[in-house]
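Note sheet for the following structure.
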Amino acid sequence: MNPQNNYLETEEQGDIFLDESDIIQEVPFDDEELPEADEEQGSDGDEHVEEADDSMHIFTGHTDEVYTVACSPTDPILVATGGGDDKGFMWRIGQGDWAFELQGHKETVSSVSFSADGQLLASGSFDGIVHVWDVSSEKLKCTLDGPGGGIEWVKWHPRGHLVLAGSEDFSVWMWNADKGAYLSMFSGHGSVVTCGDFTPDGKTICTGSDDASLRIWNPKSGENIHEIKGHPYHTDGITCMAISPDSAIVLTGSKDHNVHMVNISSGKVISSLRAHTDSVECVGFSPSGPWAATGGLDHKLIVWDLQHSEPRSTYHHEDGVTCLTWIGTSRFIATGSVDGKVRVWDSLSGEDTAVKTFSGHNEPVQSLSVSADRNFLVSVSLDGTARVFEIDELK
């Protein structure tokens with residue numbers, strides 16, 4: 001049946017024409033709501049036409065939504081992903097015939113992270129377990145347990161094989177991955193520990209929670225050095241954090257629409273960045289200047305001049321911004337969005353037009369990572385795929 005015909009057709013009755021007396025109800029149509037003729041019929045009667053796919057490699061090993069991606073810091077084509085199918089994978093860009101499954105998790109793999117030297121890979125799961133894998137031998141090195149709830153995130157010490165993980169049971173755990181040994185448990189948060197990391201100098205730990213507080217810890221003693229909460233800090237759960245390259249400042253984003261800068265040594269809020277109008281989902285310091293980028297569900301990427309605590313430029317998306325990453329030390333920022341697009345923006349131009357818009361995903365993008373040689377941008381999505389986009393011209 002051709003949907004463009006203005007009559008109904010049945011096998012028994014042939015053509016049936018309608019006249020005005022047959023009309024039961026008139027429904028007004030806005031012309032803009034009507035699909036274009038060439039979009040009306042896809043394969044098998046699909047209502048939409050497949051969009052262009054700009055990816056140069058698609059990883060389809062997952063059978064459910066994919067939540068986390070990490071590129072190896074040393075091998076330019078090695079990638080790890082984790083998803084709702086309770087699986088993680090290591091795979092190589094451009095080598096579709098090779099994938100190593102990170103077996104053994106019993107719940108969603110929520111976080112994957114390579115050690116700074118690229119030798120080890122940690123996978124954290126909602127089953128409360130962190131597995132550590134030897135990358136070169138493709139074998140499980142050790143299993144780290146302890147948390148009474150799911151693992152929200154996993155991070156490595158910048159210069160050693162110490163693993164840090166935040167849990168939905170309000171705790172943070174640290175282990176020695178070389179020995180497979182528990183080192184410390186940091187308790188004090190009153191809700192899920194949604195984000196955290198070592199400072200780049202490795203001397204301090206910062207953690208943020210859905211209880212709207214930031215805690216700063218001494219990793220050696222386990223002491224809670226500072227707790228930042230209440231006015232003038234966040235009024236709702238912290239969703240994301242970034243630590244400045246000089247280990248001096250932590251930037252936190254929240255469901256309360258605001259971003260705050262905290263001095264790590266003093267524990268004082270030194271600046272409040274207010275311009276978003278919905279939950280802030282991602283933050284990142286520029287590696288090469290006094291700027292930071294923040295993305296929110298208000299469809300905005302904002303680049304901030306941190307010296308003046310003012311927006312330097314605002315970049316609009318068609319839907320919420322879920323994740324961002326600076327591309328190496330370049331001026332470019334990549335964002336992932338609820339609309340399934342991956343976009344690259346020039347942080348210095350101020351022009352509200354993406355330098356690149358990559359299509360391919362048909363569900364929200366959840367995470368982004370840049371390859372070690374900065375030739376590739378890898379994104380994962382609720383559509384169950386990881387996609388690789390070429391960005392070598394943006395270095």
Side-chain angles (χ1 to χ4, degrees), residues 65-70 82-84 86 88 105-113 122-131 144-156 163-175 182 184-198 204-217 219 222 224-230 233-243 250-260 262 267 276 278-284 294-297 320-323 364 366-367 380 382:
E65 299 173 338
V66 191
Y67 299 117
T68 178
V69 60
D86 309 346
H105 286 298
K106 296 180 174 60
E107 296 278 352
T108 291
V109 176
S110 56
S111 182
V112 289
S113 179
S123 58
S125 167
F126 287 163
D127 61 13
I129 303 292
V130 176
H131 288 322
L144 308 174
D145 57 16
I151 302 297
E152 293 284 315
W153 50 269
V154 176
K155 299 287 186 178
W156 289 89
V163 180
L164 190 69
S167 171
E168 63 181 358
D169 74 354
F170 312 172
S171 66
V172 180
W173 292 67
M174 186 170 69
W175 302 268
Y182 159 82
S184 193
M185 193 262 282
F186 307 91
S187 61
H189 282 299
S191 189
V192 177
V193 186
T194 52
C195 51
D197 206 348
F198 292 98
T204 310
I205 290 169
C206 301
T207 58
S209 168
D210 203 39
D211 66 6
S213 78
L214 170 72
R215 286 177 179 258
I216 297 170
W217 312 84
N224 185 192
I225 306 167
H226 299 295
E227 181 187 15
I228 300 92
K229 66 175 183 177
Y233 199 53
H234 294 295
T235 58
D236 204 344
I238 295 173
T239 56
C240 50
M241 76 161 46
I243 301 172
V250 57
L251 197 65
T252 52
S254 164
K255 292 187 279 190
D256 68 8
H257 314 173
N258 295 319
V259 178
H260 293 292
V262 175
H276 286 287
D278 204 339
S279 178
V280 178
E281 296 293 301
C282 45
V283 296
T294 60
L297 295 183
V321 181
T322 55
C323 49
Q366 294 293 292
S367 182
V380 296
L382 298 184

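Heavy atoms only: backbone and side chains are in, while hydrogens, waters and symmetry mates are out.
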Can you find a heavy atom in the side chain of [X] that is under 4.5 Å from one in the side chain of [Y]?
| X | Y | answer |
| --- | --- | --- |
| T68 | Q366 | no |
| V259 | T252 | no |
| F186 | V193 | no |
| L214 | M241 | yes |
| T294 | H276 | yes |
| H226 | I228 | yes |

Is a side-chain donor or acceptor of [X] paired with a backbone partner of [Y] at a separation under 3.5 angstrom?
| X | Y | answer |
| --- | --- | --- |
| T239 | G253 | yes |
| S213 | K229 | no |
| E152 | G166 | no |
| T194 | C240 | no |
| S254 | D236 | yes |

Run the side-chain contact (heavy atoms from CB on, under 4.5 Å) test against [X] and tell me which residues pass, sequence neighbours left out.
| X | value |
| --- | --- |
| A165 | V130, I151, V154, W175 |
| C323 | V365, L368 |
| S125 | H105, E107, D127 |
| S171 | S167, D169, W173, M185 |

Partners meeting side chain to side chain donor-acceptor pair (under 3.5 Å) with [X] (sequence neighbours left out):
| X | answer |
| --- | --- |
| W217 | T207 |
| T108 | none |
| S279 | E281 |
| S111 | none |

Please name all residues satisfying ring-ring contact (aromatic ring centres under 6.0 Å, His included) with Y67, sequence neighbours left out, ordered by chain then number. none
For Y233, what residues pass the ring-ring contact (aromatic ring centres under 6.0 Å, His included) criterion, not counting sequence neighbours? H260
What are the two closest heavy atoms between [X] and [Y], and how far apart are they?
| X | Y | answer |
| --- | --- | --- |
| V109 | G88 | CG2-N, 3.9 Å |
| I238 | C195 | CG2-SG, 3.7 Å |
| I243 | V250 | CG1-CG2, 4.1 Å |
| P219 | I205 | CB-CD1, 3.6 Å |
| S113 | K155 | OG-CA, 4.2 Å |
| A242 | G284 | CB-CA, 4.0 Å |

Determine, stepwise, if the pair R215 / V172 fulfils side-chain contact (heavy atoms from CB on, under 4.5 Å). CA-CA 11 Å; R215 286 177 179 258; V172 180; over 6 Å; no
Using the test salt bridge (charged side-chain N to carboxylate O under 4.0 Å, His left out), find all partners of D211 that sit at least two apart in sequence or belong to another chain. none
Restricting to salt bridge (charged side-chain N to carboxylate O under 4.0 Å, His left out), what partner residues turn up for K255, sequence neighbours left out? D210
To the nearest 0.5 Å, how far apart are CD in E227 and OG in S209? 9.5 Å
Does the side-chain contact (heavy atoms from CB on, under 4.5 Å) test come out yes or no for L382 and V66, once each step is laid out? CA-CA 6 Å; L382 298 184; V66 191; over 6 Å; no
Test log, rule side-chain contact (heavy atoms from CB on, under 4.5 Å), inputs L297 and V321: CA-CA 6 Å; L297 295 183; V321 181; over 6 Å; no
